[in-house]
Structures are given as C-alpha cells and as structure tokens.
Undergrad: 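Let me give you the structure first, and then I'll get to my questions.
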Amino acid sequence: MSSIKETQEEIVSEFEILGDDKESTIFYIMELGNSLESFPEEERKEENLIKGCQSKVWLIADEVGGKVHYQADSNTDITKGLISLLIRVLNDRSPEEILESELNFIEKIGMGSIIGSQRSNGLASMIKQMKLYAFAFQTKQNA
Amino acid sequence: MSLNIEQIRGLFPVLHQEVHGKPLIYFDNAATTQKPQAVLDALTNYYKLDNSNIHRGAHALADRATRYYEETRESVRDFIGAGESAEIIFTKGTTESINLVAQTFGRRFIGKDDEIIISTLEHHSNIVPWQMLCEEKGAILRVIPINDAGEILFDEFEKLISPKTKLVSIVHASNALGTINPVKKIIDAAHKVGAKVLLDGAQSTSHLMIDVRELDCDFLAFSAHKIYGPTGLGVLYGRREILESMPPFLGGGEMIKEVTFEKTTYNDIPFKFEAGTPNIADVIAFKASLDFVNSLGKAEIKRHEDALLAYSEELTRDIKGFIPVGTAQDKVSVLSFNINGMHPFDVGQMLDANGIAVRTGHHCTQPLMKRFGIEGTVRASFSVYNTKYEVEKLAEGIAKIARFKNK
C-alpha cells in the first residue's frame with residue numbers, strides 16, 4: 001500500500017492530466033463519487049452529520065486491526081467525489097499516520113478555485129472530523 | 001422601438017470579463033443587478049466633489065449634497081407614483097423597511113389576537129419580522145396557501161381575511177419562483193375589512209410598472225441594488241397619515257424637532273424615520289439608476305425580459321430530467337428549476353464552470369421549498385442586459401448537466 005504522501009502525489013498527477021478546464025474537472029470529481037463504498041442506511045442520522053458543510057455529509061469510522069476505516073456519504077455528487085478523494089488518501093491507516101499527515105493535494109490541485117470557498121470550508125471541516133476520529137482511536141489504543 | 005441590448009451592455013463595465021476562461025453570463029439578477037457606469041460615476045463624483053453631511057450645513061458643499069439627496073427622493077416618488085416625496089423614507093434595504101413597519105406600525109397598532117396575513121411565497125424577511133411581532137404581542141400569523149404552479153389561492157385568502165386582520169404583508173413578485181401576485185385584488189379585499197397592506201416590492205419594482213396610488217397600497221418596501229442601484233440602500237413608501245401616526249423607529253440626530261433632557265419632539269416625515277447620517281452617496285447615486293430605467297422605459301425592459309424568459313422556457317422544456325419549479329401564468333423573468341437526481345448546488349457549480357452565474361438553494365424561502373417538498377432550486381433570473389445568445393448557452397449547459405444523470 002502506498003503512503004499518504006504517495007497517494008496524494010498520484011491524485012495530483014491524475015488531476016494534472018485534466019488540465020485547466022473546470023467543467024471536465026467537476027465531471028471527473030462527480031464520477032469519483034461513484035467509487036464510494038455504499039453507506040449504511042441506519043447511519044444516515046443527525047449525529048453523523050459533519051457540521052460546517054453546506055451540503056449534507058455523513059461520516060463514520062471504525063477501528064479494524066489498529067487501522068481507521070472510514071465510510072462517508074453526501075446528498076450532492078460533487079461533495080461525494082471530494083469525500084472519495086479524502087478516503088482514498090486516509091483510509092485504512094493507523095491513527096498516527098492520519099494525525100501526522102499533511103494534506104497538501106487539495107491545494108496542489110487548485111481545488112479552492114474549482115469548488116469555491118463554501119465547499120473549501122466544508123472540505124476543511126471533513127478533514128478535521130476525520131482527524132478527530134483518528135485522535136479518538138489513538139487515545140483508546142494508548143489507554 | 002425595441003431596445004439596443006448591445007448598446008445597453010456597453011454601459012455595464014462588469015459584464016465584460018471572463019470567469020474560468022469563459023465569457024461571464026450573469027443570470028443572478030434577482031439577487032442583485034449590475035450597475036451602469038452612470039451610477040459608478042455618480043458615486044465617485046459625490047466623494048470627489050460634493051462630500052459633506054446633508055441638511056443644516058451652512059456651506060456650499062452641504063447645500064449641494066442636500067439638494068442631490070432630496071432630488072433622489074423626488075425621483076423615487078415619481079418612480080412609484082407616490083403623492084409627495086415626504087412619503088419616501090430611505091432605509092438600508094427591503095428587510096429594514098419591513099422591520100421598520102413591524103417595529104413601529106406593528107407595535108402601536110397590532111395587539112393580542114389581531115391577525116397578520118402573509119403568503120406561502122414570502123421571503124424570510126417578510127416572515128420573521130411578523131413572527132417576532134406576533135410573539136411579542138400575542139398576535140396571530142396566517143398564511144395564504146398556493147397551488148402547484150406557485151400561485152396563491154385567492155379563495156383561501158378571502159377565507160382568511162376578517163375584521164381581526166390588521167395587516168396583509170405580501171410579496172408582489174416571488175424571488176424564488178417569479179410568480180406575480182394579484183396585488184390589486186388583495187389590497188381591495190384587505191381594505192374592505194379595514195386592514196392595511198404592505199407590498200414587498202423587492203423583485204417587482206425593477207420589472208413592473210408601479211403606481212402606489214393606483215394600487216392603493218399602504219406601504220411599499222424595496223431595495224435599490226435590485227434596480228441597478230447601490231447596495232445598502234432601500235426605500236419604504238408609506239401613506240402620509242399612516243407614517244405620521246407611527247412612532248419613530250430609531251432615535252438620534254436628524255429625526256428630532258427639539259431635544260431637552262425632559263422631552264423630545266420628533267421631526268416631520270420623512271426625517272422622523274431617518275435617524276443619523278444617512279447613506280448619502282448611495283442615495284445620490286440611486287438617482288442615476290432610476291434615470292437609467294426611465295431612459296429605457298419599464299415597459300420596454302419588461303418586454304425584453306419576458307421574451308428571454310419565454311425563450312428559456314422553450315429551450316429547456318424538453319430537456320430530459322429538467323424540472324421547472326413555479327409555473328405561474330404571470331411571472332417576472334425568473335427560471336427556477338431542478339435537474340432530476342442532482343443537487344442544485346452541484347448544478348450551480350457546473351454552470352459556473354461555463355461562466356454562467358446563477359443562484360442555488362432555498363432563496364431565503366424555506367417554507368416555500370417545503371411546500372414543494374424540495375431542498376432548493378437553481379434560479380436563473382434575467383435582466384435588461386441579458387441576450388438570447390446567453391439564454392442559449394444556459395440551455396446548452398443545463399442539457400449537458402442533465403445528461404450526466406438522465407441518460
């Protein structure tokens with residue numbers, strides 16, 4: 001399995017192929033959303049909603065063999081695509097790896113200008129929540 | 001005589017730019033319209049040449065600024081057909097105008113068990129001030145229902161209205177759907193039971209001919225920035241005898257006749273409701289916006305906007321997955337819609353990628369969205385400087401996005 005850093009580099013080079021056309025980039029992001037693992041219906045509830053997102057984003061996490069496994073969903077296709085990128089980078093890694101990671105691929109892709117400021121803030125909230133889960137599992141492991 | 005749209009576009013500097021490498025197509029006019037050069041010039045000229053505080057200044061600049069400020073008031077009076085310019089009060093916007101009425105007229109004349117009627121189409125700014133008043137006074141808020149096309153049910157309104165009704169506060173044209181309400185009929189019915197009527201004219205004043213005396217409304221609230229004018233400026237029209245019977249809104253300078261520590265007497269209207277240094281520059285520049293509209297003629301503007309709306313409806317009608325929201329017979333130039341299987345925000349962002357600016361979401365009309373069982377819509381709203389070519393680009397963009405989920 002490639003490292004967080006390597007996965008980020010892969011994503012950046014995939015986006016480079018798309019070039020500057022904003023429309024095809026967004027179509028691509030929306031297609032990515034289809035790769036998300038299906039989200040359990042019973043977890044689609046208020047307490048799993050991420051605060052600070054304009055669209056609805058549900059996020060849950062489990063610890064499987066010392067690694068954090070995330071599942072997420074959204075009611076909008078673009079957001080689903082963005083989540084799938086975060087999950088691809090952070091999923092099934094140890095809490096330490098997740099907490100130490102520096103997610104620079106978003107900036108390198110120039111995501112801010114693609115998705116606008118509202119969604120960029122939402123993306124930041126998602127990352128924060130994913131790291132909070134990692135922190136909780138780390139605390140539990142160290143207890 | 002039809003309008004020369006290319007020439008009109010030349011008056012709006014902001015339109016001539018690219019976004020994301022595509023020429024800007026600005027279809028968010030119901031949120032705010034762009035400003036012609038004459039308005040920008042009036043703003044800079046005021047600060048460059050005339051800047052001073054108005055009224056009571058004993059010098060040339062103050063005198064000039066006061067004259068220009070009061071000339072706008074006269075232009076506004078003429079624009080809406082009011083009887084006298086003292087009935088024109090400058091506010092921060094439609095929202096403040098409505099709140100002013102709620103906090104002054106409402107607090108003085110609406111009491112326990114009295115009723116206020118609004119409609120399902122209202123913007124939050126014509127819901128919340130009345131809820132606040134009802135909570136304070138123990139009054140009751142009644143809501144006129146609508147049909148699936150987004151038109152109010154007049155029969156139901158007639159059932160709601162009674163001698164208990166003290167105020168009907170209703171939107172003239174819906175911001176979310178474009179529906180034009182039959183306000184003359186509503187006003188006449190309200191007056192029969194002695195109720196006053198406030199018209200929320202935020203979306204209508206730029207598109208429709210308005211004559212407050214012919215309509216016989218008691219209040220009219222609207223914003224300058226939706227009529228090619230500056231932001232942060234609105235108007236409240238009120239009938240003289242009603243304005244005079246209302247207590248002041250804010251206390252301070254300008255609104256007084258005489259102040260002692262024991263007692264203050266208030267100034268005459270409109271100054272009674274304009275406490276503090278007003279938004280002088282924007283008021284002065286607003287005259288240039290009204291001059292712009294008058295120079296083209298509202299009827300000509302409406303004809304052009306109606307043609308764009310009809311064309312957009314024609315081009316989108318058969319797109320697979322296109323769902324129009326709000327199909328009233330009588331509409332201002334608003335195309336509100338959804339695309340089957342897609343979130344409005346995503347649609348908006350896709351259109352933005354094509355340089356097309358639209359609004360998405362609930363448009364500050366959550367109860368209305370709930371009535372339709374949707375979270376929001378995508379809204380394209382047309383103005384005098386938009387073209388048929390731009391409408392074609394919009395329809396192309398919608399068709400492309402719709403194909404993504406509706407193959």
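Keep in mind that what you see is a predicted model, and the values were worked out from it rather than measured. Lettering of chains follows the sequences in order, A, B, ..., and the numbering in each one begins at 1. When reading the values below, keep in mind they use all heavy atoms of this one structure, side chains included, and skip hydrogens, waters and symmetry mates.
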Undergrad: For the candidates Ala353(B), Pro344(B), Gly341(B), Gly21(B), which exhibits the highest count of non-hydrogen atom pairs separated by less than 4.5 Å from chain A?
TA: Ala353(B)
Undergrad: Report, as yes or no, whether the 6.0 Å neighbourhood of atom CD on Glu96(A) holds more than 12 heavy atoms from other residues, nucleotides or ligands.
TA: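 Yes, the 6.0 Å shell around CD holds more than 12 heavy atoms from other groups.
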Undergrad: Do Asp77(A) and His343(B) come within less than 4.5 Å of each other through their side chains, counting heavy atoms only?
TA: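 Of all side-chain heavy-atom pairs linking His343(B) with Asp77(A), none is under 4.5 Å.
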Undergrad: Can you confirm whether Glu46(A) is buried at CD, in the sense that more than 12 heavy atoms of other residues, nucleotides or ligands lie under 6.0 Å from that atom?
TA: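 Not buried by this count: 12 neighbours or fewer within 6.0 Å.
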Undergrad: What distance do Gln349(B) atom CD and Met30(A) atom CE have between them, rounded to the nearest 0.5 Å?
TA: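 Between Gln349(B) CD and Met30(A) CE, I get 9.5 Å after rounding to 0.5 Å.
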Undergrad: Rounded at 0.5 Å granularity, tell me how far NE2 in His20(B) sits from OG1 in Thr25(A).
TA: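 Output value for this atom pair is 11.0 Å.
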Undergrad: For the CZ atom on Arg359(B), are there more than 12 heavy atoms of other groups (residues, nucleotides or ligands in this structure) within a distance under 6.0 Å?
TA: no
Undergrad: Short question: side chain of Glu23(A), backbone of Asn354(B) - any donor-acceptor pair under 3.5 Å?
TA: no
Undergrad: Using heavy-atom distances under 4.5 Å, tell me whether Asp21(A) contacts chain B through its side chain, its backbone, both, or neither.
TA: side chain
Undergrad: Could you give the distance from CG (Asp346(B)) to CD1 (Ile26(A)), rounded to the nearest 0.5 Å?
TA: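 Output value for this atom pair is 8.5 Å.
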Undergrad: Counting neighbours of CD on Glu102(A) that are heavy atoms of other residues, nucleotides or ligands and sit closer than 6.0 Å, is the number greater than 12?
TA: no
Undergrad: Which residues pass the salt bridge (charged side-chain N to carboxylate O under 4.0 Å, His left out) test with Lys388(B), not counting sequence neighbours?
TA: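 Salt bridge (charged side-chain N to carboxylate O under 4.0 Å, His left out) check on Lys388(B) returns nothing, list empty.
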Undergrad: Just wondering, are more than 12 heavy atoms of other shown residues or ligands nearer than 6.0 Å to CG in Asn142(A)?
TA: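 Yes, CG of Asn142(A) has more than 12 neighbouring heavy atoms, counting only those of other groups under 6.0 Å.
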Undergrad: Does any backbone or side-chain atom of Ser113(A) lie under 4.5 Å from a heavy atom of chain B? Answer side chain, backbone, both or neither.
TA: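 Contact with chain B is through the backbone of Ser113(A) alone.
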Undergrad: Taking atom NZ of Lys140(A) as the centre, report whether more than 12 heavy atoms of other residues, nucleotides or ligands fall under 6.0 Å from it.
TA: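 Atom NZ in Lys140(A) is not packed in, count stays at 12 or less.
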Undergrad: Would you give the length of the straight line joining atom CZ of Phe27(A) to atom CZ of Arg403(B), rounded to the nearest 0.5 angstrom?
TA: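 So the CZ of Phe27(A) and the CZ of Arg403(B) are separated by 8.0 Å.
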Undergrad: What part of Lys405(B) gets within 4.5 angstrom of chain A, counting heavy atoms only: side chain, backbone, both, or neither?
TA: side chain
